[in-house]
Chemist: 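This is the structure I want to talk about, given as structure tokens.
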Protein chains: 2
Amino acid sequence: MTLQKKPSVPSHIQKLTPYVAGKTIAEVKETYKPKQISKLASNENRLGFSPAVSEAVKDALKEIQDYPDPIARKLKQAIAEKNAVTPNEVLVAAGSESIISILCRTFLEKESECVTADATFVGFFVQAGVMGATIKKVPVTDRYKFDVDGMLAAIDENTKMVYIANPNNPTGTYLDKEEFQKLVDGVPDDVLLMADEAYFEFAKGVDDYPQALDYRTDNMVILRTFSKAYGLAGFRIGYCIANEELITQMMKTKLTFEPTATAQAAALAAYGDDEFLQKGIDVVEGGKKDLYRFFDEQKVEYMPSISNSVMMILENEQKAVDFTQAMLEEGVILRRINAFGLPNCVRITIGLDNEMQHFKESFLKVKEEILV
Amino acid sequence: MTLQKKPSVPSHIQKLTPYVAGKTIAEVKETYKPKQISKLASNENRLGFSPAVSEAVKDALKEIQDYPDPIARKLKQAIAEKNAVTPNEVLVAAGSESIISILCRTFLEKESECVTADATFVGFFVQAGVMGATIKKVPVTDRYKFDVDGMLAAIDENTKMVYIANPNNPTGTYLDKEEFQKLVDGVPDDVLLMADEAYFEFAKGVDDYPQALDYRTDNMVILRTFSKAYGLAGFRIGYCIANEELITQMMKTKLTFEPTATAQAAALAAYGDDEFLQKGIDVVEGGKKDLYRFFDEQKVEYMPSISNSVMMILENEQKAVDFTQAMLEEGVILRRINAFGLPNCVRITIGLDNEMQHFKESFLKVKEEILV
């Protein structure tokens, strides 16, 4: 046998774990034949999306043979207006994952250093890893919050980027106004501060929740998405707000024609429908209160959340594995968050009443065997 | 005035030129008020797209609040079947631009070396540039073809990647079977050979056109797209075929949820409609013959093409600038290809009869002033 040489990948790519897709709804149906399926795994909007979207997409479809507007003029204008910034301070791309990737491609090199928590959005870990950057993961506090003092202490002259999600994913916790101000003040001017506000719309009504826009600095990038409260995850579209000079640099690495033409049209329509947005927020608020009550009764440890998911804290990783699997067999799809740094926790998206009912009934069915 | 420090970008990013968006149809209308607009700039399918697409998108829309299938199972299966490969040898992503970016992120590092031509798809120049790779651009032949001998001679121990587009964009020229075989044989096993077949469907009927699939090696990646012959540019979707091990590495850098759910549904529907595909190819064939005749009469230098565009060769860059602008004012949007390495050339997408008529009439109007 001869050893054939092959195209090789850099060591930092070799080290990355390839994505393993979860079971699709069709596969869950086929494998476990549950009576009902409740997809509470990906923090999507279980209410769906604004009815205005369908018409907008139908319209956009008429010219779908043409490339999309590379700078999403109309949507950018609408976002700028609603946030009282200029269109040049806005960049629209294919979802937060893409914006994180763009930021990593623009600002990081191999061996660049980033600071974040050990329990936060896995997408940042992955995209920084693709660039071969090293990540200092500062442990979250015992209340699963970003440790501001710890993170500031971890910043040194090699640090290029600090990442936080506020509210945090998957914990649902948040930095309050005082803590956020401390972070903003402490991050040096030449370090990029990424404030991922994917769950902004669910959080913005909370009294001491700091909207990053109110704390803007020239080194801050604020990330938002249409995948969560707006219910457009399938379209892949999000935006960020930052200093115009940062946006200009990011435009160099953004894929020319992201996001798609239908996504731009859908987002613009959804962005104008405050009524649907509020309905979705109300569903989540009601669902969370009810779930807290249920968990309190059942003596389940969990973190109160200001996003659209609630994190259960189990005794150990094995229980998290077994519980998620048992629930899956009942048709309730939940998310293990070991990749997010929390192997003994499970994340539950707040769904509609019938889905939450399904969750509770299934929980009661499996708890004896798994949780006790 | 104090000098404030800012987040800095690596020097290879600083050197990149930010994308400058062309005028939208709406802007052209407003600025020049032409009677008709013919968009012959971006090699889109002027016939549109398969009628099967609308229904498929309407269906996909029902679950658009959910994230897309990250591995595009159904579409991948259909592509695998049609090309007689296994699904594990196929990767679906957000258009060829994204696949090129994925390949660069997976296989290149700063200072990695690539070999290609000086006149080819600008998307490769940009994405390799984003990674800080250096590109050896081997001059095309006097017939605007990839110079196989020159490219093979340019490969050395630092070369990680060789890029060709076949047919080439923007020239419309191609490597024939013998030349392609020579290239495949000459590229070392440990160098990735990217064969970009974005215009495959227009070319595959040409006698001595080599379909890369017939020449497969373990170091070859074949890129195809739904943006051209299938008329789905607005959806951003394409695929590549390669050895399973290469696909596994690429899956590590692909954005988890690209391409979108509607794009997957649309592509699957379009992929099954051979009748529409053939119609579009026929339009292009007829349009090219007619345009060649016109150019011969008008004594315009051009390159015969096996893709869906034809390249005009003008005397110098200024004439290319002036001609493109004069045609724009008549409502005919063409593409200058200076960024592709050909400052004195202009690319014309083959459109429908009325669009080509508009092109010819406008040409006759502006030629005295500009071209003579």
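Chain identifiers are assigned alphabetically (A, B, ...) following the order of the sequence lines, protein sequences preceding nucleic acid strands; residue numbering begins at 1 within each chain. In this text the structure is predicted, and so the values were computed from the model without any measurement.
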Chemist: Looking at Asn219(B), Leu61(B), Thr217(B), which one has more heavy-atom pairs under 4.5 Å with chain A than the rest?
Modeler: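 Counting heavy-atom pairs under 4.5 Å, the top option is Leu61(B).
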
Chemist: Between Lys252(A) and Gln249(A), is there a side-chain donor-acceptor contact under 3.5 Å, judged purely by atom types and distance?
Modeler: yes

Chemist: Looking at Ala261(B), Pro259(B), Gly234(B), Ala60(B), which has the largest count of heavy-atom pairs under 4.5 Å with chain A?
Modeler: Gly234(B)

Chemist: Looking at Lys279(B) and Asp273(B), is there a salt bridge between them, counting it only when a charged N and a carboxylate O are closer than 4.0 Å?
Modeler: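 No, no charged N to carboxylate O under 4.0 Å.
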
Chemist: Tell me, for Glu245(A) versus chain B, whether the close heavy atoms (under 4.5 Å) come from the side chain, the backbone, both or neither.
Modeler: side chain

Chemist: I'd like to know which of Lys58(B), Lys254(B), Lys228(B) tops the heavy-atom pair count under 4.5 Å against chain A.
Modeler: Lys228(B)

Chemist: Under a 4.5 Å heavy-atom cut-off, does chain A meet the side chain of Leu108(B), its backbone, both or neither?
Modeler: backbone

Chemist: Could you walk me through whether Asp218(A) and Lys5(B) pass the salt bridge (charged side-chain N to carboxylate O under 4.0 Å, His left out) check?
Modeler: CA-CA 10 Å; Asp218(A) 284 347; Lys5(B) 287 213 289 179; over 6 Å; no

Chemist: Looking at Ser8(A), Ala266(A), Ser101(A), Gly132(A), which one has more heavy-atom pairs under 4.5 Å with chain B than the rest?
Modeler: Ser8(A)

Chemist: Any idea which of Val130(B), Val57(B), Thr106(B), Val126(B) has the most non-hydrogen atom pairs under 4.5 angstrom with chain A?
Modeler: Thr106(B)

Chemist: Please rank Met161(A), Gln65(A), Lys39(A) by heavy-atom pairs under 4.5 Å with chain B and give me the top one.
Modeler: Gln65(A)

Chemist: Please step through side chain to side chain contact (heavy atoms under 4.5 Å, CB included) for the pair Ile99(A) and Met250(A), ending with a clear verdict.
Modeler: CA-CA 9 Å; Ile99(A) 294 177; Met250(A) 292 175 71; 4.1 Å; yes

Chemist: Phe226(A), Phe235(A), Phe107(A): which one forms the most heavy-atom pairs within less than 4.5 Å of chain B?
Modeler: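 The candidate making the most pairs under 4.5 Å is Phe235(A).
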
Chemist: Checking side-chain contact (heavy atoms from CB on, under 4.5 Å) between Val115(B) and each of Val162(B), Val187(B), Val191(B), which is the one that passes?
Modeler: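 Between Val115(B) and the candidates, side-chain contact (heavy atoms from CB on, under 4.5 Å) is satisfied uniquely by Val162(B).
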
Chemist: Under a 4.0 Å N-O cut-off, is there an ion pair linking Lys160(A) with Glu113(A)?
Modeler: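 The answer is no: the pair does not qualify as a salt bridge.
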
Chemist: Just by modelled atom types, is the Asn43(B) backbone N or O under 3.5 Å from a matching donor or acceptor in the Thr349(B) side chain?
Modeler: yes

Chemist: Checking Ile100(A) against chain B: side chain, backbone, both or neither under 4.5 Å from a heavy atom?
Modeler: neither

Chemist: Hey, does the Lys NZ or Arg CZ of Arg347(A) hover above the aromatic six-ring of Phe340(A), less than 6.0 Å from the centre and inside 45° of the axis?
Modeler: yes

Chemist: When only pairs under 4.5 Å are counted, which of Thr248(A), Thr260(A), Asp190(A) shares the most heavy-atom pairs with chain B?
Modeler: Asp190(A)

Chemist: Give the member of Arg105(B), Gln127(B), Gln264(B) that has the highest number of heavy-atom pairs under 4.5 Å with chain A.
Modeler: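 Sorted descending by pairs with chain A, the first entry is Arg105(B).
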
Chemist: Run the side-chain hydrogen bond (donor to acceptor under 3.5 Å, both in side chains) check on Ser98(A) and Glu258(A) step by step: do they pass?
Modeler: CA-CA 9 Å; Ser98(A) 181; Glu258(A) 66 171 297; 2.6 Å; yes

Chemist: If I measure from the heavy atoms of chain B, does Lys62(A) come under 4.5 Å with its side chain, its backbone, both, or neither?
Modeler: backbone

Chemist: Looking at chain A, which one of Ser227(B), Gly123(B), Pro188(B), Ala94(B) has the largest number of heavy-atom pairs inside 4.5 Å, strictly under?
Modeler: Ser227(B)

Chemist: With only heavy atoms counted, which part of Thr253(A) is less than 4.5 Å from chain B, the side chain, the backbone, both or neither?
Modeler: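 Both parts, backbone and side chain.
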
Chemist: Looking at Glu27(A) and Lys29(A), does any basic side-chain N land under 4.0 Å from a carboxylate oxygen?
Modeler: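 Salt bridge flag = no for Lys29(A) with Glu27(A).
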
